[in-house]
Every structure is written in C-alpha cells, then in structure tokens.
Amino acid sequence: MIVITGGTGQLGKAIIENLLTKVPEAQIGLSVRDPQKVPQILANQVARVRQGNFDDEASLTHAFEGASQVVIISGGSSATNGKLTQLGHQTAITAATQTGASRIFYTSHMGASPTSAFAPMRDHVAAEASLLNSGTPFTALRNGFYASSLLLLIGDAPKSGKIVAPRDGPVAWTTHDDLAAVTAVALRSGELDGITAPLTGPEALDLSAVSKILTEILGHTIVRVEVSDDEYRDAMVARGIPLDRVEMLLGLFVASRAGDFSKVDGTLEWLIGRNPISVREFLRSALVK
C-alpha cells in the first residue's frame with residue numbers, strides 16, 4: 001500500500017489522481033489531520049483514511065500501518081519556529097521507518113540548503129538529513145518552486161498594472177500538476193533514489209520576464225517596479241502582515257538573487273514523458289477566463 005500524508009492538499013490530491021490511473025484504489029491510503037474534513041468523493045477513491053498528525057507519532061504509526069511506501073508531503077515552515085516543522089518531519093520519518101515501509105518519499109525543494117536565506121529551505125535539508133540517518137531507502141523529491149506561489153508574488157498586478165517587489169532572481173517555477181505526475185511515476189517505477197536532481201519546469205524566470213508574459217496574455221501593460229527590501233518590509237507590515245512572515249518572504253527574494261532556484265533540469269520532463277507546463281501556460285490558465 002502507498003500511504004500519502006496531506007492527501008487533501010493541492011499536491012496530495014493531484015498525486016492521488018495520477019496514481020488512480022495506474023494503481024488500484026485498494027493500494028492507496030491517506031493520512032490526514034482530520035478525517036472528518038476529507039471530501040467523501042476523495043474518501044471513496046482510496047482504500048482507507050486514517051488520522052495522522054506530525055506532532056503525534058502514535059497516530060502516524062497507525063496511519064502508516066501496512067504501507068510499503070509512504071509519501072510525506074512536507075509541512076509549511078513556521079515563520080517563528082522552524083524547529084517545529086523540522087520536528088514534525090522527523091516524527092513522520094521515524095513513524096514510517098518503525099512501521100516497516102520499504103521506501104519513504106519526501107517532498108523536498110530544489111533550493112534545500114542549510115545556509116539558505118529562505119527559511120523553508122533549511123527545514124527541507126534537515127528532513128533530508130533525517131532520511132539519510134533513518135536507515136530506510138528514501139527518495140527526496142527536490143521539487144521546483146511551486147508556480148502557485150508566483151500568483152502570490154504578482155498580487156494585484158493584473159488590475160494595478162504593476163508587480164511591486166524587491167530585486168529578485170530567476171526561479172524555475174513548476175506546477176503542482178507536473179510535480180504530482182513525476183511523483184506518481186517515481187512511486188510506480190522506482191526510477192528515483194536518494195536526493196533527486198531538481199524536478200523543474202522548462203525555464204527559470206525573474207519577475208521582469210513574468211511581467212512581459214502577463215502583458216502579452218492579458219493584453220495590457222504590466223510593469224515591474226523594483227523597491228528596496230526595507231521599502232517592501234514597511235509596505236507589507238503596513239498592510240497588517242506579521243513581521244516574521246514578511247522577513248521569511250524577504251528571504252525568498254534574497255535566496256533567488258543568489259541563484260538558489262535558478263537551475264533548470266530535464267529529469268521531470270524525462271520521467272513524465274511530455275513537456276512540462278510553462279509559466280505562460282500556467283498564468284494563462286489561472287488568469288484568463
């Protein structure tokens with residue numbers, strides 16, 4: 001059985017949809033924080049739904065019972081205490097190992113690094129270290145940067161005509177659909193072992209390039225307005241965003257300027273057997289009605 005944590009999230013649901021085209025539903029289980037919140041249509045597509053919390057090893061041991069492969073979808077980083085996120089990942093890895101899983105899959109990130117300016121990257125590299133120390137075969141999927149995050153960065157640009165942000169660097173934006181597809185292939189084929197190459201979309205773009213794409217697909221001019229880190233911080237705080245969240249977001253820009261998310265790799269395309277979805281295709285689908 002393949003047990004997937006966080007199966008109600010965007011990536012988890014997409015992985016399940018991909019698996020169901022090749023794997024019987026009797027071979028798929030879900031581990032979720034609250035089974036009562038799982039849509040019935042999703043619950044009916046899998047063999048079982050069990051409660052499992054990253055802060056409760058006993059619950060995860062029960063959720064992972066009988067699993068040959070466990071997919072740990074990484075939790076969101078805490079802006080105030082990354083150690084909580086790291087502990088949760090460690091707990092899930094320990095539970096998967098103790099229940100006898102033959103392989104653990106973990107959704108890591110292409111920018112995972114102990115020295116990254118972007119806090120979630122430090123959480124990911126800590127999880128990879130836990131996997132290395134677990135004694136269980138594993139695959140750390142170094143996913144490209146979620147393209148959905150790009151929508152948050154461009155904000156109201158489609159209406160205001162401006163992308164206002166600090167100086168940034170190119171990012172290999174990658175869709176949930178493509179990452180779900182490559183995860184499903186890896187689960188079935190055994191092609192990926194250990195820490196993978198970056199699993200990315202076809203190009204790395206900065207926000208200036210994105211503004212040009214938006215101009216073309218929306219039919220009106222979108223300009224890139226660069227502000228200082230301090231100006232950006234002050235503007236975000238003035239909008240009511242907690243300072244710790246703002247600092248974490250600023251770390252994303254700093255890391256992108258260092259090139260942490262710029263590498264484009266063909267592994268994802270090779271495994272899914274088609275061209276990955278481009279930023280242009282993603283933005284058109286998301287913004288053009």
Do the non-hydrogen side-chain atoms of Leu60 and Thr99 ever get within less than 4.5 Å of each other?
no
Rounded to the nearest 0.5 angstrom, the CZ-OG distance for Phe118 and Ser113 is 13.0 Å
Output the distance between atom OG (Ser108) and atom CE (Met121), rounded to the nearest 0.5 Å.
7.5 Å
Would you name the heavy atoms of Lys13 and Gly7 that are closest together and state the gap between them?
CG-O, 3.1 Å
Do Val171 and Leu207 belong to the same hydrophobic cluster, where Ile, Leu, Val, Met, Phe, Trp and Tyr are linked whenever their side-chain heavy atoms lie under 4.5 Å apart, directly or via other members?
yes
Is there a side-chain contact between Leu268 and Leu179 (heavy atoms, below 4.5 Å)?
yes
Evaluate the criterion side-chain contact (heavy atoms from CB on, under 4.5 Å) for residue pair Asp55 and Thr91; output intermediate values, then yes/no.
CA-CA 7 Å; Asp55 60 359; Thr91 299; over 6 Å; no
For Leu252 and Phe261 the tightest heavy-atom approach is O-CE1, 3.8 Å
Connected via hydrophobic side-chain network under 4.5 Å: Met110 and Ile277
yes
Scan for side-chain hydrogen bond (donor to acceptor under 3.5 Å, both in side chains) pairs involving residues 57-76, sequence neighbours excluded, and state none if there are none.
Arg50-Glu65, Ser74-Thr107
Mind checking whether Glu25 and Asn44 have side chains closer than 4.5 Å, heavy atoms only?
no
Under the side chain to side chain donor-acceptor pair (under 3.5 Å) test, which residues partner Ser285, sequence neighbours left out?
none
Give the minimum heavy-atom separation between Ser116 and Asp260, together with the two atoms involved.
OG-OD2, 3.7 Å
Do Leu151 and Phe282 have side-chain heavy atoms sitting under 4.5 Å apart?
yes
Rounded distance (nearest 0.5 Å) linking atom CG of Leu42 with atom CD1 of Ile16:
5.0 Å
Report the C-alpha distance between Ile154 and Leu287 in whole Å, list the side-chain angles of each, state the deciding distance to 0.1 Å, and finish with yes or no for side-chain contact (heavy atoms from CB on, under 4.5 Å).
CA-CA 11 Å; Ile154 65 176; Leu287 299 176; 4.1 Å; yes
Grouping I, L, V, M, F, W and Y whenever their side-chain heavy atoms are under 4.5 Å apart, do Val279 and Val223 come out in a common cluster?
yes
Quick one: does Ile163's side chain get under 4.5 Å of Leu153's, heavy atoms only?
no
Are any of the side-chain heavy atoms of Leu283 and Leu218 separated by less than 4.5 Å?
no
Considering all heavy atoms, the nearest Asn18-Ala184 contact:
CB-CB, 3.6 Å
Is a side-chain N or O of Arg224 found less than 3.5 angstrom from the main chain of Ala165, in a donor-acceptor match?
yes
Picking from Thr174, Leu141, Ile272, what satisfies side chain to side chain contact (heavy atoms under 4.5 Å, CB included) with Leu199?
Leu141
When you look at Ile195 and Phe138, which way does the side-chain contact (heavy atoms from CB on, under 4.5 Å) test go after all the steps?
CA-CA 8 Å; Ile195 297 173; Phe138 72 91; 4.1 Å; yes
Looking at residues at least two apart in the chain, or sitting in another chain, which of them share a side chain to side chain donor-acceptor pair (under 3.5 Å) with Glu17?
none
Per the side-chain hydrogen bond (donor to acceptor under 3.5 Å, both in side chains) rule, what does the pair list look like for residues 180-205, sequence neighbours excluded?
Arg103-Asp193
Least distance between heavy atoms, Ile72 atom then Thr5 atom
CA-OG1, 3.5 Å
Qualifying side-chain hydrogen bond (donor to acceptor under 3.5 Å, both in side chains) pairs, either residue in residues 265-278, two or more places apart:
Asp178-Arg274, Asp265-Thr267, Ser278-Glu281
So, does Asp206 use its side chain to make a donor-acceptor pair with the main chain of Ser208 at under 3.5 Å?
yes
Nearest-0.5 Å distance, NZ of residue Lys37 to OG1 of residue Thr8
9.0 Å
Using modelled atom types only, decide if a donor and an acceptor are shared between the side chain of Arg280 and the backbone of Ile213 within a distance under 3.5 Å.
no
Are Tyr146 and Val71 linked, directly or through intermediate hydrophobic residues, by side-chain heavy-atom contacts shorter than 4.5 Å (ILVMFWY only)?
yes
Parallel, tilted or perpendicular, judged at 30° and 60°: which one describes the rings of Phe145 and Trp173?
perpendicular
ring-ring contact (aromatic ring centres under 6.0 Å, His included) contacts in which one or both residues fall within residues 212-240, not counting sequence neighbours
Tyr232-Phe253
Are Leu19 and Val182 co-members of a hydrophobic cluster defined by side-chain heavy atoms under 4.5 Å apart?
yes
Could you walk me through whether Leu187 and Thr139 satisfy the side-chain contact (heavy atoms from CB on, under 4.5 Å) test, starting with their C-alpha distance in whole Å, then the side-chain angles of each, then the deciding distance to 0.1 Å, before giving a yes or no?
CA-CA 9 Å; Leu187 283 161; Thr139 302; over 6 Å; no
Can you establish whether the number of heavy atoms outside Leu152 located under 6.0 Å from its atom CG is more than 12?
yes
Under 3.5 Å, side chain of His89 to main-chain N/O of Gly75, donor-acceptor pair present?
yes
Nearest heavy-atom contact between Val264 and Ala172 is CG2-CB, 4.3 Å
Got a donor-acceptor contact below 3.5 angstrom from the Ser256 side chain to the Gly169 backbone?
yes
Kindly compute the distance separating CD1 (Ile241) from CD (Glu247), expressed to the nearest 0.5 Å.
12.0 Å
Could you measure the distance from the CZ atom of Arg233 to the CG atom of Leu249? Nearest 0.5 Å is fine.
11.0 Å
